[in-house]
Amino acid sequence: MEGASSSAAGGSSLAAAVQGGRGREPGPGRVGATNIGRLRQGKQQHATRPGVGAISVTSWHLRVFAAVVALMGCLLLAASLAMSALHQVQFRNAAISRNFRGLQELKQSIVRREPVEQIMHARLLQMATSALTKNGSGSEDFALWEEPYKQARKWKPCAAKHSLADEEPDDETNNGFVLVSANGGLNQQRVAVCNAVVVAALLNATLVVPRFLYSSVWKDTSQFGDIYQEDYFMKYMKNDVRIVKQLPARLRSLDLEAIGSQITDMEISKEADPSEFVKSILPILEQNGVVHFLGFGNRLGFDSVPVHLQRLRCRCNFHALKFVPELQRAGSVLVQRLRQVGGMQTEIDKQLFGNNMLDQAFAEQDDGAGTGTPNRYLALHMRFEEDMVAYSLCEFGGGEEERRELQAYRETHFPTLALRSRNTTVSPEEQRSLGRCPLTPEEAGLVLSALGYDRRTFIYVAGSQIYGGAPRLRPLTRLYPNLVTKEDTLTADELAPFKNFSSRLAALDFIACASADVFAVTDSGSQLSSLVSGYRIYHGRGRAPTLHPNRKRYAQVLSEEGSIAWGGFQKRVRQMVDEYKRVSTRPRGRSVYRQPRTPGCMCRAGGDGSVHF
């Protein structure tokens with residue numbers, strides 16, 4: 001722009017000079033100032049001619065020069081405007097491009113943050129998916145829902161019989177009071193209660209209704225009366241052991257720890273013989289009139305307990321402990337909605353719900369539906385919560401982030417275990433090969449698909465929050481989309497009374513699992529799995545099958561994933577599960593709560609109608 005202006009100015013001055021020279025005799029210096037070379041050449045060529053010729057040539061040149069300068073100015077101006085417009089277009093395009101890249105990067109960031117499926121056995125999962133899809137329209141084997149061994153029906157409950165004479169214990173020979181503060185969650189506390197009944201009878205003492213300790217893991221303040229019917233419990237057991245709701249006033253003010261009456265788990269062997277209680281605890285009880293067991297986790301053994309005391313255990317666990325009416329009613333609604341039919345169906349229902357089975361619960365909820373054939377459902381106890389995963393010292397495909405997270409959990413909740421894991425080398429691979437790792441949802445789904453349960457199977461998932469959340473659960477839902485929990489089945493209002501009480505929520509899981517057509521266990525060390533399995537054996541009349549994979553054998557099968565065919569995988573899984581279903585008496589060292597086919601608990605019917613063990 002600046003070049004165009006100066007050229008125009010130069011053209012104006014030349015035109016003025018031309019006008020000024022007209023009408024008078026040209027001087028050699030006045031006109032030649034703009035183009036000296038041409039003026040000198042013109043003078044030499046036209047020296048004989050007058051000044052008019054010189055003036056004419058010079059004016060033409062000036063006009064041409066002015067036109068050229070003007071044209072160049074216009075061209076420069078147009079070029080400048082074009083460059084400015086092009087720059088604005090480029091700037092706008094660059095801004096749009098930056099915005100587009102920003103959106104793309106945002107989408108990619110969102111995709112990166114979206115958790116992906118946690119898959120450990122991709123090849124087997126693909127084969128299982130293919131098999132379920134292929135057989136999706138076929139008819140399911142009815143035998144999958146039946147107890148395979150008919151001899152299971154020959155076993156009958158026998159613990160309802162009183163173990164002692166049909167009279168209340170004599171207060172005059174009573175040695176004092178047994179107080180128990182049980183630790184753990186619902187199922188650990190249930191075992192502690194029934195063990196306390198046996199110990200009180202063994203020591204000829206009065207049992208105070210047990211208290212439940214608050215746990216930093218379970219975070220539940222519930223007490224015995226919030227979960228079980230206190231009066232029913234006391235009345236049912238009154239002919240076996242005297243039970244009261246609290247210590248007498250004279251003993252309540254005592255500092256039990258100071259007088260040596262507080263007994264911790266460190267002072268009693270795990271699964272101790274009855275003789276240990278007689279030798280170590282009875283003298284304290286006789287001296288102070290009271291003993292307080294603090295914790296009382298698995299402190300009484302099984303094999304050395306006399307039959308009459310073993311019966312007490314079973315009377316307590318299978319008969320005396322009834323859930324409070326609020327839990328019974330909520331549990332009955334839960335089961336009826338799972339079955340999609342109202343009313344009682346089994347002996348287990350009668351034992352669980354008593355007079356609190358809401359026959360019309362499902363019908364009222366679903367506008368009169370639910371009067372046809374019951375829907376079969378399988379209950380799966382997925383013991384894959386963070387505490388179980390952390391305690392196992394196993395790895396589940398989550399890499400370094402998973403290791404850090406689980407170690408931090410151990411530091412808070414299992415400090416002794418955390419110290420051990422820091423100071424000694426624990427091989428996750430060895431833990432898995434020894435069968436010490438809980439099954440993932442993916443591994444549980446592979447078992448069910450290998451057994452032949454089709455894709456439409458209705459599955460109730462029991463347990464707390466699955467470690468890893470939805471990404472960890474997704475491989476199971478890919479195989480079996482009809483998965484529900486108590487939160488899916490009951491309304492928010494129905495769950496509200498139990499929402500902040502983990503033990504009461506666990507009681508609903510207990511009910512749903514015990515009443516299921518089939519119960520699938522994923523962790524043999526779980527107390528809920530143990531208690532539910534035993535409850536189904538005791539009250540199931542041989543019609544309540546339980547699936548129980550052997551984790552050690554299953555780990556061996558999974559280790560061959562790279563080469564095993566689907567048919568081979570199915571065969572080995574079915575053999576593994578079938579072995580557990582075989583009917584046998586309780587093996588030595590096993591829990592009577594899990595396997596009650598033992599003297600004092602269950603009796604076997606003979607072919608002649610007789611009943612014996």
Side-chain angles (χ1 to χ4, degrees), residues 159-160 162-184 186 188-214 221-264 268 274 277-278 281-297 299-300 308-309 311-325 327 354 503:
H162 294 302
S163 58
L164 303 175
D166 191 10
E167 57 183 21
E168 295 187 22
D170 186 2
D171 288 345
E172 294 182 3
T173 61
N174 193 285
N175 290 318
F177 293 84
V178 170
L179 182 64
V180 171
S181 296
N183 59 11
L186 170 78
Q188 293 91 335
Q189 290 165 347
R190 186 182 182 108
V191 170
V193 168
C194 293
N195 285 346
V197 166
V198 174
V199 169
L202 173 69
L203 301 179
N204 193 23
T206 297
L207 176 66
V208 179
V209 171
R211 293 189 57 79
F212 296 157
L213 295 174
Y214 178 83
T221 58
S222 297
Q223 289 301 319
F224 187 98
D226 299 315
I227 300 171
Y228 302 110
Q229 299 177 36
E230 274 190 6
D231 291 339
Y232 184 90
F233 171 69
M234 296 170 64
K235 182 178 179 180
Y236 194 91
M237 301 301 301
K238 70 178 183 178
N239 292 327
D240 304 296
V241 61
R242 186 167 183 265
I243 304 175
V244 296
K245 292 188 177 182
Q246 60 180 351
L247 285 172
R250 62 183 175 83
L251 297 177
R252 269 180 254 158
S253 59
L254 294 178
D255 185 339
L256 299 183
E257 184 177 6
I259 64 174
S261 282
Q262 182 166 289
I263 313 298
T264 67
I268 308 174
F277 287 90
V278 173
I281 308 302
L282 183 57
I284 301 174
L285 179 64
E286 291 175 330
Q287 177 179 339
N288 298 329
V290 60
V291 290
H292 179 202
F293 293 103
L294 188 62
F296 209 58
R299 294 300 108 179
L300 181 63
H308 73 281
L309 293 180
R311 180 177 286 118
L312 276 188
R313 261 182 168 154
C314 294
R315 278 176 57 74
C316 171
N317 183 51
F318 299 120
H319 294 280
L321 291 179
K322 302 292 186 183
F323 293 119
V324 292
L327 284 170
S503 291

Sequence neighbours left out, what passes side chain to side chain contact (heavy atoms under 4.5 Å, CB included) with [X]? Give chain and number order.
X	answer
T221	Y214, F501
V244	F177, T206, V208, R242
I259	L254, L256, S261, N288

| task | List the steps, then state whether side chain to side chain donor-acceptor pair (under 3.5 Å) holds for R190 with N317. | result | CA-CA 8 Å; R190 186 182 182 108; N317 183 51; 2.7 Å; yes
| F212: partners by ring pair (Phe, Tyr, Trp, His ring centres under 6.0 Å), with sequence neighbours left out | none
| query | Hey, what do you get for CE (M237) to SG (C194), rounding to the nearest 0.5 Å? | reply | 7.5 Å
| Gap between atom CD of Q262 and atom CG of L294 - 0.5 Å precision | 5.0 Å
Do any side-chain atoms of residues 224-231 form donor-acceptor pairs under 3.5 angstrom with protein atoms, and if so which ones, sequence neighbours left out?
residue: D226; atom: OD2; partner: Q223; partner atom: N; Å: 2.8
residue: Q229; atom: NE2; partner: F323; partner atom: O; Å: 2.8
residue: D231; atom: OD1; partner: K245; partner atom: NZ; Å: 3.2

| Are the side chains of V178 and F293 in touch, meaning some heavy atoms are under 4.5 Å apart? | yes
| Is there a side-chain contact between L202 and V278 (heavy atoms, below 4.5 Å)? | yes
| query | Which residue pairs satisfy the side-chain hydrogen bond (donor to acceptor under 3.5 Å, both in side chains) criterion with at least one member in residues 246-259, sequence neighbours excluded? | reply | none
| remark: Closest heavy-atom pair, R313 versus V198, reported as atoms and distance to 0.1 Å, is CG-CG2, 3.5 Å
| field | Where D240 and A201 come nearest, the two heavy atoms and their spacing | value | O-CB, 4.3 Å
| message | Students often mix this up, so state it plainly: with edges at 30° and 60°, are the rings of Y232 and Y236 parallel, tilted or perpendicular? | response | parallel
